[in-house]
There are 2 protein chains.
Amino acid sequence: MNGSPDPERESADTGVPPGAELMTPAQVAKMFHVDPKTVTRWAQAGKLTYMRTLGGHRRYRRDEVIDLLRNSTDDE
Amino acid sequence: MNGSPDPERESADTGVPPGAELMTPAQVAKMFHVDPKTVTRWAQAGKLTYMRTLGGHRRYRRDEVIDLLRNSTDDE
DNA sequence: AAACACTCGGGTAATTTGGGGT
DNA sequence: AATGTCCAAATTACCCGAGTGT
């Protein structure tokens with residue numbers, strides 16, 4: 001039989017470090033209470049880092065959004 | 001100083017060459033923050049190479065997924 | 001053998017994209 | 001300069017029942 005016990009049946013380690021999780025435009029838009037289109041403009045303006053799905057949709061980094069939200073939520 | 005435990009140990013056990021490890025649809029989906037079904041569409045569209053289990057389930061190359069992720073990142 | 005999570009298909013809503021205009 | 005809305009096309013998300021689990 002199998003000598004190995006079962007060290008790991010389902011490794012959840014996708015290689016995605018904490019803070020690198022991605023968000024959809026709608027998610028970010030709701031956090032700022034703005035239109036998703038506005039979030040897109042921020043991304044295009046280079047104010048927000050993003051990556052794209054293979055279909056071309058943008059995905060935003062959660063940690064960066066949180067950081068931006070902090071800076072804007074606190075009246076500078 | 002090395003905080004990293006050890007990124008991979010399966011290759012030593014299975015004899016699979018580095019970078020050739022396979023990922024499930026759910027794993028890939030989490031990395032892109034999309035639905036597993038979407039990953040399937042990418043595969044069907046030829047945007048992602050895949051193998052199949054004997055039962056017909058798709059498996060993706062971690063190597064290629066990581067590369068696609070890095071290339072789609074708009075980080076300058 | 002049974003149970004549970006995940007994936008397979010298809011089909012149909014909801015979201016996103018890009019450009020243009022207020 | 002910055003934001004919200006309208007449009008059409010494309011992409012993605014959720015629904016189901018049935019099969020897989022290197």
Side-chain angles (χ1 to χ4, degrees), chain A residues 1-16 20-62 64-65 67-76, chain B residues 7-69 71-76:
Chain A
M1 285 26 163
N2 196 341
S4 305
D6 194 337
E8 43 191 295
R9 50 193 286 109
E10 176 82 53
S11 179
D13 184 16
T14 56
V16 183
E21 286 105 56
L22 304 172
M23 304 178 67
T24 64
Q27 266 280 28
V28 181
K30 276 163 189 154
M31 292 181 72
F32 282 95
H33 289 243
V34 294
D35 218 76
K37 188 86 170 183
T38 301
V39 179
T40 298
R41 290 199 184 99
W42 292 345
Q44 288 174 338
K47 297 179 179 176
L48 199 53
T49 314
Y50 66 92
M51 49 151 299
R52 302 178 92 118
T53 66
L54 298 191
H57 285 199
R58 294 182 183 83
R59 293 280 114 103
Y60 304 96
R61 296 191 45 173
R62 175 182 280 275
E64 186 163 351
V65 172
D67 189 55
L68 263 179
L69 194 54
R70 283 191 172 190
N71 284 333
S72 59
T73 199
D74 178 29
D75 40 85
E76 19 129 14
Chain B
E8 40 195 288
R9 75 249 243 163
E10 32 199 329
S11 55
D13 186 65
T14 57
V16 179
E21 286 105 50
L22 301 176
M23 304 179 66
T24 64
Q27 296 268 32
V28 181
K30 278 166 190 153
M31 293 182 75
F32 281 93
H33 198 273
V34 294
D35 197 88
K37 196 75 157 192
T38 301
V39 179
T40 298
R41 288 197 206 91
W42 293 346
Q44 289 175 338
K47 297 175 180 173
L48 199 55
T49 34
Y50 64 93
M51 328 171 61
R52 294 185 96 123
T53 66
L54 297 184
H57 286 195
R58 276 176 260 262
R59 293 284 115 99
Y60 306 95
R61 292 187 44 205
R62 178 189 289 268
D63 219 16
E64 185 169 1
V65 173
I66 302 257
D67 189 53
L68 283 172
L69 262 174
N71 280 325
S72 61
T73 305
D74 180 61
D75 179 45
E76 308 188 15

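Basis for what follows: all heavy atoms, side chains included, without hydrogens, waters or symmetry-related copies. This one's a predicted model, so the numbers in the text were calculated from it and none came from an experiment. Just so it is clear: chains get the letters A, B, ... in the order the sequence lines come, proteins before strands, and each one is counted from 1.
Between Pro25(A) and His57(B), the residue whose closest nucleotide on DNA chain C is further toward the 5' end is His57(B).
With hydrogens and angles left out, the side chain of Arg41(B) and the base of dA13(D) share a donor-acceptor pair within 3.5 Å. A donor N or O paired with an acceptor N or O is not found under 3.5 Å between the base of dG11(C) and the side-chain atoms of Lys37(B).
Here the C1' atom of nucleotide dG11(C) and the CG atom of Asp35(B) are 14 Å apart, to the nearest Å. Atom C1' of nucleotide dT11(D) and atom CD of Gln44(B) are separated by 14 Å, given to the nearest angstrom. Met51(B) has its CE atom 9 Å from the C1' atom of dT22(D), to the nearest Å. Rounded to an integer number of Å, the gap from CD of Gln27(A) to P of dA13(D) is 12 Å. When the P atom of dC6(C) is taken as reference, atom OH of Tyr60(B) falls 16 Å away, rounded to whole Å. With rounding to whole Å, His33(B) atom NE2 is found 12 Å from dA13(D) atom C1'. Straight-line distance from the CG atom of Leu54(B) to the C1' atom of dT7(C): 15 Å, rounded to whole Å. Rounding to whole angstrom units, NZ of residue Lys30(A) and P of dA14(C) are separated by 12 Å.
Between Thr53(A) and dT11(D), a side-chain N or O to OP1/OP2 separation shorter than 4.0 Å is absent. An OP1 or OP2 oxygen of dT15(C) is reached within less than 4.0 angstrom by no side-chain nitrogen or oxygen of Thr24(A). For dG9(C), neither phosphate oxygen OP1 nor OP2 lies less than 4.0 angstrom from any side-chain nitrogen or oxygen of Thr40(B). For the OP1/OP2 pair of dT11(D) and a distance below 4.0 Å, the side-chain nitrogens and oxygens of Trp42(B) include no atom meeting the criterion. A close approach under 4.0 Å does not occur between any side-chain nitrogen or oxygen of Arg59(B) and OP1 or OP2 of dC6(C).
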> Dot-bracket for DNA chain C, 5' to 3', with Watson-Crick and G-U pairs under 3.5 Å, [ ] for crossing pairs and | for other-strand pairs: what is it?
Replying inline: ...||||||||||||||||...

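Closest contact between the side chain of Lys47(A) and the listed nucleotides dT12(D), dT3(D), dA2(D) involves dA2(D).
Interatomic distance, Leu54(A) CG to Arg41(B) CZ, rounded to the nearest 0.5 Å: 12.5 Å. Between the CH2 atom of Trp42(B) and the OG1 atom of Thr53(A) there is a distance of 5.0 Å, given to the nearest 0.5 Å. In this structure, CG on Leu68(B) lies 12.0 Å from OH on Tyr60(B), to the nearest 0.5 angstrom. To the nearest 0.5 Å, the span separating OG1 on Thr49(A) from CD on Glu64(A) amounts to 3.0 Å. Distance check: Met23(B) CE to Arg61(B) CZ gives 12.0 Å after rounding to the nearest 0.5 Å. For the atom pair NZ (Lys37(A)) and CD (Gln44(A)), the distance works out to 7.5 Å, reported to the nearest 0.5 Å.
Among the heavy atoms of the strands lying under 4.0 Å from Arg58(A) are primed sugar atoms or P, OP1, OP2 only; no base atom is included.
The only member of Met51(A), Arg58(A), Arg62(A) that meets side chain to side chain contact (heavy atoms under 4.5 Å, CB included) when paired with Leu22(A) is Met51(A).
Taking every heavy atom of both residues into account, Ala29(A) and Asp35(A) meet most closely at CB-C, 4.0 Å.
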